[in-house]
J.: 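Starting off with a structure, shown below.
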Amino acid sequence: MAIYDHKRIEKKWQEKWLRENAFQADDASTKEKKYVLDMYPYPSGSGLHVGHVEGYTATDIYSRYLRMKGFEVLHPMGWDAFGLPAENYAIKTNVPPAKTTEEAIQTFTSQINSLGLSYDWSREIGTHRPDYYKWTQWLFLLLYKNGLAYKQKAKVNWCPKDQTVLANEQVVDGNCERCGTGVIQKDLEQWFFRITKFAEELLADLEHVNWPESTKAAQRNWIGKSEGAEIDFVIAGTDEKIRVFTTRPDTLYGATYLVLAPEHPRIDVLSAHITNLDAVAAYRAQTATKTELERTALAKEKTGVQLEGIAAINPATKEQIPVFIADYVLSQYGTGAIMAVPAHDERDADFAKAFNLPVKRVVDEKKYFIFDFDGVLGDTFEAALAAHVAMGHSPDLEAAREAVLKYAHNKPRHTRDANPSPEVLAEERAWTARFGTAMLQSDWKLFDEFIREVEKIPNTQIAIVSSGSELYVKPASEKTRLNPTHVMAFETSHSKEEKIETICRDWGIDPKQAYYFTDSKADVYELKGMFPEGKLIGCAWGFVGKEALEEVLPRSSVLENYADIHTLFMGLHTGDGLLINSGDFTGASSAAAKRTITESVGGVMKTTYRLRDWLISRQRYWGAPIPMVYDPEGNLHPVPEEHLPWALPTDVEFKPTGESPMAKSKELRERVEKLFGPGWTPDVDTMDTFVCSSWYFFRFADPHNAEVFADKEKMKRWLPVDLYVGGAEHTVLHLLYARFFTKALQSLGFIDFVEPFTMLRHPGTILAEDGRKMSKSLGNVVNPTDVVDEYGADSLRLYEMFMGPLDVAKPWNTRNILGVRRFLEKIIALASRVADAEADEPTESLMHQSIESVTADIEALKFNTAISQLMIFANKLGEYKEVPRHAFETLLVLLSPLAPHLTHELWEQTGHADDIRLSSWPVADQTKLSKASVTVGVQVNGKVRGSVTLSAEATQEEALAAARAHEGVSKWLALGREVKAVYVPGRIISFVVESAV
RNA sequence: GCCGGGGUGAUGGAAUGGUAGACAUAGGGGACUUAAAAUCCCCAGAUCGAAAGGUCGUGUGGGUUCGAGUCCCACCCCCGGCACCA
């Protein structure tokens with residue numbers, strides 16, 4: 001067998017492709033376009049890793065496939081070259097970042113080429129190169145001129161280690177995303193991009209893109225839309241108003257105090273009225289020093305200070321309520337002030353508890369209670385009702401209830417006692433014997449009182465279920481529906497489920513919405529499936545003790561005393577429901593009352609977003625300089641376009657000082673004075689590197705244009721990106737910013753589409769062989785270059801694609817590379833046996849099936865199954881001594897996007913003048929897809945009992961006859977009477993027999 | 001807590017509601033070889049059985065269906081995002 005010399009083959013073809021500019025995208029081509037893009041890499045000193053290879057291989061396969069399908073494909077590569085690692089390296093070694101960056105780019109380029117990736121290198125860009133960042137700066141000025149970039153003093157995130165400000169998106173759990181240092185808050189004047197202007201579009205347009213659901217969800221979370229109302233609270237005795245934002249205006253009647261963020265500007269205005277200014281100032285100072293983390297995640301204890309001397313007026317109740325400042329209210333969100341409703345908000349409840357503030361319930365859910373104390377009412381009710389009817393009254397609810405309770409009052413009463421006296425025990429036994437139930441074990445004496453207590457719970461509808469009667473008393477009228485008590489008796493033969501279903505049908509609810517109270521452990525067992533957690537409530541004052549009920553129910557669902565029911569149902573309720581204690585709005589649903597209550601107090605409905613403007617200034621060197629200058633009076637001026645690129649000076653010290661290294665550049669200062677006049681000074685910050693990387697996909701359409709960031713017609717030709725592949729770590733940062741740039745450019749008329757990336761996929765992380773993350777410190781990193789050396793690029797590509805679905809995390813396994821390498825060797829072996837032979841019918845059929853499924857799999861980026869299909873096809877061809885040429889060549893073409901080098905080589909060896917990449921993609925012949933015969937399974941009563949081989953055209957009769965004749969099947973059919981038989985052509989034969997027993 | 005995505009052999013993973021475990025890796029047996037590697041052939045979910053064959057089996061419990069990994073309901077666990085956001 002021929003030796004697989006991957007080094008020679010791969011080098012040969014890689015050089016040929018580069019020499020021929022084989023993958024250059026033609027702007028002028030009349031073919032339909034596809035734009036296939038990788039998230040361009042940061043050219044780090046450590047070179048390419050296996051994760052890069054995964055995504056790049058996927059887009060490469062897709063691009064090569066699309067070219068063979070007849071598309072003109074734009075598949076470019078470039079460098080996200082600005083950023084901290086190069087600068088930090090410069091701080092350590094004093095080697096300029098420009099130098100290390102270009103060196104790293106060299107390494108990346110040769111590594112990428114060694115993988116046979118089909119990039120259009122004529123379009124290569126680097127964000128650190130002046131001909132690129134000129135346009136980054138131009139875009140900054142464009143946004144500035146259109147009010148989308150502004151400079152403002154604000155409380156910003158500051159990383160003390162990296163000595164720079166950070167965007168909100170770059171703060172993870174209160175720490176710097178890059179270095180993990182705790183982020184502190186600083187008041188600084190900084191540049192922002194007005195991304196919030198597009199919040200609604202950024203949210204709504206997610207509907208239209210083919211992106212992973214998780215990524216869309218993460219963006220929705222980040223944008224954080226919430227709909228509510230803004231309502232003004234007047235400060236008593238002044239004209240001052242505090243405006244609050246709330247999503248629950250329906251709870252306005254329950255607002256018992258206001259809380260302002262400590263930074264709230266109105267505090268200064270109100271200070272004349274505040275009598276405890278010292279305490280207020282102290283609290284504000286204390287808040288200011290806290291890190292974001294201390295103030296949010298870590299701070300679970302509520303702190304705050306009352307603004308003494310002032311009170312706000314609740315516009316609904318007209319009551320005067322106290323005003324506080326507390327750091328649990330954030331100044332940046334909403335209006336920086338809230339109305340606190342401790343009865344219906346967890347945080348307000350915590351604060352109210354800490355400061356002993358009044359709690360007023362204004363919302364309750366509609367509650368449905370079913371009490372089933374079988375023995376309690378059973379015969380009692382029947383007896384009472386029978387007596388009642390006998391006296392000539394109709395069996396209506398009220399009368400029945402009265403009768404029942406009267407009867408209950410007249411019963412001998414027993415207080416539940418842990419050690420009942422012998423007399424009591426004897427009496428109970430007597431009753432138990434007589435009625436066959438444990439009725440007297442329940443606390444009879446208090447039963448009616450208990451029901452009266454329950455009735456105090458608002459919005460409650462109650463059913464008391466009893467057994468032992470043939471009668472079922474329905475709620476007679478709307479009137480009785482409003483009266484919660486609903487007494488029912490059922491025949492003993494009715495099952496629990498039937499009783500509950502009957503009641504719930506009357507109420508028009510799902511049993512899962514009802515609470516079921518029982519004193520029986522057996523009921524709990526029986527009804528667990530019918531009621532969700534927390535809806536089944538044990539009453540431990542009856543026959544069954546608390547311990548016994550706690551064996552089958554969560555502790556919180558077992559009541560020891562009937563008064564516990566208040567704790568259970570009168571506590572914090574944060575959901576929707578029906579209003580109570582709310583003046584004219586009492587009885588309305590909270591959903592409906594949101595608008596009506598807001599309007600009644602002159603508030604406005606308002607939508608708020610969690611998204612904040614994008615802070616883009618960085619006090620660092622290795623980035624695109626912000627092209628702004630200050631006149632001697634300190635006014636801002638944009639650098640005129642003719643001076644772009646606004647060059648990054650090179651006479652700088654890299655040591656971080658908390659100020660941009662550019663501040664000390666003599667060259668920059670002199671340049672500004674020379675261009676603008678004495679006393680003029682530059683803005684010395686650079687832009688967040690995410691600015692550079694948020695528009696690069698436009699530049700690839702027209703990378704060398706010196707007149708404009710990209711020609712309109714060329715953008716029209718190539719954009720939007722049809723497939724974008726890159727790491728899931730960019731779900732909110734890069735992808736959100738890129739969408740913002742797209743929307744900004746669209747709103748300014750530069751482009752006519754609203755979403756930059758039509759389809760997006762994230763390759764899953766490749767873990768180390770030990771299942772952990774690859775990391776230098778763990779020493780478990782796999783270097784793709786080593787793998788290419790040992791097994792070849794085709795093997796590496798194939799292996800990474802064969803590992804599993806593209807988008808899931810999966811561990812590396814060196815042994816498995818050998819598997820795909822063997823597969824390629826098998827292909828070489830097949831090539832050596834190619835002959836002008838005919839393929840037989842099954843092979844022909846398999847070939848067309850393979851075309852069909854490999855095509856579909858590549859379209860869906862399911863490369864793992866595409867490869868397995870090719871293995872099946874190759875294994876089939878391996879059965880031939882003389883491999884049919886046509887079938888083999890089809891296999892090569894199908895394999896060529898995945899393993900380009902070897903397929904090119906073998907294609908040439910088998911006598912083709914043109915490269916295989918120029919072949920057209922095969923089309924399956926539909927008539928040859930199906931085989932002449934099919935093997936289908938036979939089921940009897942759902943179990944597979946055998947299989948039969950049939951002609952593909954077999955009718956149901958023929959199929960069933962064949963199955964009945966099958967020995968393994970017939971013996972099962974003989975066990976009973978055949979009642980049903982189904983043949984699903986090509987799939988299954990299914991019999992149902994009824995047992996003869 | 002809220003929002004997303006998952007849970008299938010020893011392992012990576014297949015499976016338009018139709019014979020669960022394709023394809024591959026590791027493993028077992030055999031052929032070739034002085035031997036080993038490579039290659040080729042066979043076996044391979046668990047369990048009972050000498051075998052034929054039976055039973056069980058896709059996180060758990062229910063349901064729909066002739067038939068459920070797949071659909072519905074509830075629950076458990078893992079991963080990712082958001083979170084004092086009013």
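All values below come from the heavy atoms of this structure, side chains included, with hydrogens, waters and symmetry mates left out.
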J.: Can you give me the closest heavy-atom contact between A:A261 and A:L330, atom names plus distance?
T.: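 Closest heavy-atom pair between A:A261 and A:L330: CB-C, 3.9 Å.
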
J.: Using the C1' atom in both, what is the distance from B:A10 to B:G61, to the nearest Å?
T.: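 After rounding to an integer number of Å, I get 29 Å for this pair.
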
J.: Measure from the side-chain heavy atoms of A:N864 and tell me the nearest of B:G54, B:A14, B:C82.
T.: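 Among B:G54, B:A14, B:C82, the one nearest the side chain of A:N864 is B:A14.
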
J.: Tell me whether the side-chain N/O atoms of A:T865 come closer than 4.0 Å to OP1 or OP2 in B:A15.
T.: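 Result: no.
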
J.: Rounded to whole angstroms, how far apart are CE on A:M801 and C1' on B:G13?
T.: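 Atom CE in A:M801 sits about 15 Å away from atom C1' in B:G13.
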
J.: Could one point to a donor on the side chain of A:R945 or the base of B:U19 with an acceptor on the other under 3.5 Å away?
T.: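 There is none.
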
J.: Would you say B:A24 has OP1 or OP2 under 4.0 Å from some side-chain N or O of A:N875?
T.: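 For A:N875, the contact criterion (side-chain N or O under 4.0 Å from OP1 or OP2 of B:A24) is met.
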
J.: I'd like to know whether CD of A:E978 has more than 12 heavy-atom contacts from other residues, nucleotides or ligands below 6.0 angstrom.
T.: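 Above 12, so yes.
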
J.: Expressed as a whole number of Å, how far does the C1' atom of B:A38 sit from that of B:C32?
T.: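 Nearest-Å result for B:A38 against B:C32 at atom C1': 11 Å.
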
J.: Counting Watson-Crick and G-U wobble pairs only, both distances under 3.5 Å, name the nucleotide matched with B:C82, or none.
T.: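 Check on B:C82: paired to B:G1, both distances under 3.5 Å.
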
J.: Heavy atoms only, 4.0 Å cut-off, all strands: where does A:K606 land among base, sugar-phosphate and nothing?
T.: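 Nothing: the residue A:K606, judged by heavy atoms under 4.0 Å, touches no strand.
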
J.: Could you let me know what B:C32 is paired to, Watson-Crick or G-U wobble, both distances under 3.5 Å, or none if it's on its own?
T.: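 Partner of B:C32: none.
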
J.: Can you check the distance between B:A24 and B:C76, where both ends of the measurement are the P atom (answer in whole Å)?
T.: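 That atom pair is separated by 40 Å.
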
J.: Given the ring of A:W614, does A:R739 sit roughly above its face, with NZ or CZ under 6.0 Å from the centre of the six-membered ring and within 45° of the axis?
T.: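 Judged by the rule, A:R739 and A:W614 form no cation-pi pair.
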
J.: Counting the atoms with a prime plus P, OP1 and OP2 as sugar-phosphate, which does A:T215 contact under 4.0 Å by heavy atoms, base, sugar-phosphate, or nothing?
T.: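 No contact.
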
J.: Within 90° of 0 counts as syn, otherwise anti: where does B:G81 fall?
T.: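 Because its glycosidic torsion lies more than 90° from 0, B:G81 adopts the anti conformation.
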
J.: Across the strands shown, which category fits A:G819 at heavy-atom distances under 4.0 angstrom: base, sugar-phosphate, nothing?
T.: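 Sugar-phosphate: the residue A:G819, judged by heavy atoms under 4.0 Å, touches backbone atoms but no base.
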
J.: Would you say A:K943 reaches B:C56's phosphate, i.e. side-chain N/O to OP1/OP2 under 4.0 Å?
T.: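 Yes.
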
J.: Could you measure between the two C1' atoms, the one in B:A14 and the one in B:G21, and give it in whole Å?
T.: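 Straight-line distance between the two C1' atoms is 7 Å.
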
J.: Heavy atoms under 4.0 Å, any strand shown: does A:V984 hit a base, just sugar-phosphate, or nothing?
T.: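 Contact class for A:V984: base.
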
J.: Say you pick atom P in B:A26 and the same atom in B:C41; how far apart are they, in whole Å?
T.: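 Nearest-Å result for B:A26 against B:C41 at atom P: 16 Å.
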
J.: Counting the atoms with a prime plus P, OP1 and OP2 as sugar-phosphate, which does A:Q939 contact under 4.0 Å by heavy atoms, base, sugar-phosphate, or nothing?
T.: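 Touches a base.
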
J.: Starting from P on B:A83, measure out to CG on A:L611 and report it in whole angstrom.
T.: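 Those two atoms, CG and P, are 12 Å apart.
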
J.: Decide whether A:D348 and A:Y328 meet the rule of one side-chain donor and one side-chain acceptor closer than 3.5 Å.
T.: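 There is such a pair (donor and acceptor under 3.5 Å, judged by atom type) between the side chains of A:D348 and A:Y328.
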
J.: Is it the case that the side chains of A:E859 and A:T855 hold a donor-acceptor pair, with the cut-off being a distance below 3.5 Å and no angle test?
T.: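 A:T855 vs A:E859: no donor-acceptor pair found between side chains.
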
J.: Take atom CD in A:E882; do more than 12 heavy atoms of anything else shown fall under 6.0 Å from it?
T.: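 At most 12 heavy atoms, drawn from other residues, nucleotides or ligands, come within 6.0 Å of this atom.
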
J.: It should be established whether A:W222 places a side-chain nitrogen or oxygen under 4.0 Å from OP1 or OP2 of nucleotide B:A83.
T.: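 Checking B:A83 against A:W222, no side-chain N or O comes under 4.0 Å of OP1 or OP2.
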
J.: Name the nucleic acid region contacted by A:K216, choosing base, sugar-phosphate or nothing; use a 4.0 angstrom heavy-atom cut-off, strictly under.
T.: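 Answer is nothing: A:K216 stays at 4.0 Å or more from every strand.
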
J.: For the C1' atoms, the ones on B:C71 and on B:U58, what distance do you get once it is rounded to whole angstrom?
T.: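 The same atom, C1', in both gives a distance of 16 Å.
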
J.: Indicate, with a heavy-atom threshold strictly under 4.0 Å, whether A:F802 touches base, sugar-phosphate, or nothing.
T.: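 Counting heavy atoms under 4.0 Å across all strands, the contact made by A:F802 includes a base.
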
J.: Grab the two heavy atoms, one from A:D327 and one from A:Y283, that are nearest each other, plus how far apart they are.
T.: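 Shortest heavy-atom separation between A:D327 and A:Y283 comes out as N-OH, 3.0 Å.
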
J.: Nearest whole Å is fine: how far is B:C23 P from A:Y799 OH?
T.: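 From A:Y799 OH to B:C23 P: 19 Å.
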
J.: With a 4.0 Å heavy-atom cut-off, tell me which residues in residues 248-259 of chain A come close to RNA chain B, sorted by residue number.
T.: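 Residues of residues 248-259 of chain A that come under 4.0 Å of RNA chain B are, in numerical order, A:R248.
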
J.: Going by an N to O cut-off under 4.0 Å, is there a salt bridge joining A:K216 and A:E207?
T.: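 So A:K216 does not pair with A:E207 through a salt bridge.
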
J.: Is it the case that A:R945 and A:H966 place a side-chain donor and acceptor less than 3.5 Å from each other?
T.: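 The criterion, which ignores hydrogens and geometry beyond distance, is not satisfied for A:H966 and A:R945.
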
J.: Taking all non-hydrogen atoms of both residues, which atom of A:S850 and which atom of A:Q869 are closest, and how far apart?
T.: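 Heavy atoms only, the tightest pair is OG-NE2, 3.0 Å.
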
J.: With both distances under 3.5 angstrom, what nucleotide forms a Watson-Crick or G-U wobble pair with B:A37?
T.: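 Pairing partner, where one exists within any strand: none, as none qualifies.
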
J.: Can you tell which of B:A86, B:U19, B:C23 lies closest to the side chain of A:T935?
T.: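 Of the options given, the side chain of A:T935 lies nearest B:U19.
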
J.: When both hydrogen-bonding distances must be under 3.5 Å and the geometry is Watson-Crick or G-U wobble, what is B:G57 paired with, if anything?
T.: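 Pair assignment: B:G57 / none.
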
J.: Between B:A20 and B:G69, how far is it from one P atom to the other, in whole Å?
T.: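 About 8 Å, rounded to a whole number of Å.
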
J.: State which of B:A86, B:G4, B:A15 makes the closest approach to the side chain of A:S214.
T.: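 Per side-chain heavy atoms of A:S214, the pick is B:G4.
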
J.: How far does the P atom of B:G63 sit from the matching atom of B:A52, given to the nearest Å?
T.: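 Going atom to atom, P in each nucleotide, I get 35 Å.
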
J.: Taking for each residue the nucleotide of RNA chain B bearing the nearest heavy atom, is the 5' side occupied by A:I338 or by A:Q219?
T.: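 Going by which nucleotide is closer to the 5' end, it is A:Q219.
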
J.: Taking the six-membered ring for Trp, are the ring centroids of A:F355 and A:F324 within less than 6.0 Å of each other?
T.: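 Yes, ring centres under 6.0 Å apart.
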
J.: Find the distance A:R220:CZ to B:A83:P and express it as a whole number of Å.
T.: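 After rounding, the reported distance stands at 17 Å.
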
J.: Atom NZ of A:K225 to atom P of B:C3: distance rounded to whole Å?
T.: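 It is 17 Å, rounded to the nearest whole Å.
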
J.: Any idea which of B:A86, B:C23, B:C66 is nearest the A:T246 side chain?
T.: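 Shortest atom-to-atom distance from the side chain points to B:A86.
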
J.: Could you check how far CH2 of A:W972 sits from P of B:A52, rounded to whole Å?
T.: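 That distance rounds to 16 Å.
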
J.: Does atom NZ of A:K810 have more than 12 heavy-atom neighbours from other groups under 6.0 Å away?
T.: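 Enclosed: over 12 neighbouring heavy atoms sit under 6.0 Å from NZ of A:K810.
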
J.: Might you point out which heavy atoms bring A:F351 and A:A326 nearest each other, and give the distance in Å?
T.: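 The answer is CE1-CB, 3.7 Å.
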
J.: Look at all strands and tell whether A:W211 reaches a base, only sugar-phosphate, or nothing, counting heavy atoms closer than 4.0 Å.
T.: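 No contact.
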
J.: Between atom CD in A:E825 and atom P in B:A37, what is the gap in whole Å?
T.: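 Atom CD in A:E825 sits about 16 Å away from atom P in B:A37.
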
J.: From the options A:T251, A:T246, A:D250, select the one residue that forms a side-chain hydrogen bond (donor to acceptor under 3.5 Å, both in side chains) with A:R248.
T.: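 Filter result, single survivor: A:D250.
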
J.: Could you check which of B:C66, B:G81, B:G13 has an atom nearest any side-chain atom of A:P805?
T.: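 Taking heavy atoms from C-beta onward, the closest nucleotide is B:G13.
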
J.: For nucleotides 26-33 of chain B, just jot down a letter per nucleotide in 5' to 3' order: B, S or -, based on protein non-hydrogen atoms under 4.0 Å.
T.: S-------

J.: In terms of side-chain heavy atoms of A:R987, which of B:U55, B:C3, B:U16 is nearest?
T.: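 Nearest to the side chain of A:R987 among the choices is B:U16.
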
J.: Once you round it to whole Å, what is the distance between P of B:C66 and CG of A:L973?
T.: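 Atom-to-atom, A:L973 to B:C66, this comes out as 17 Å.
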
J.: Closer to the 5' end of RNA chain B via nearest nucleotide, is it A:S947 or A:N816?
T.: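 With A:S947 and A:N816 compared, the 5'-side residue is A:S947.
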
J.: Name the nucleic acid region contacted by A:P212, choosing base, sugar-phosphate or nothing; use a 4.0 angstrom heavy-atom cut-off, strictly under.
T.: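 Nothing, no heavy atom under 4.0 Å.
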
J.: Side chain of A:F245: nearest nucleotide among B:G4, B:A22, B:A86?
T.: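 Minimum distance to the A:F245 side chain belongs to B:A86.
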
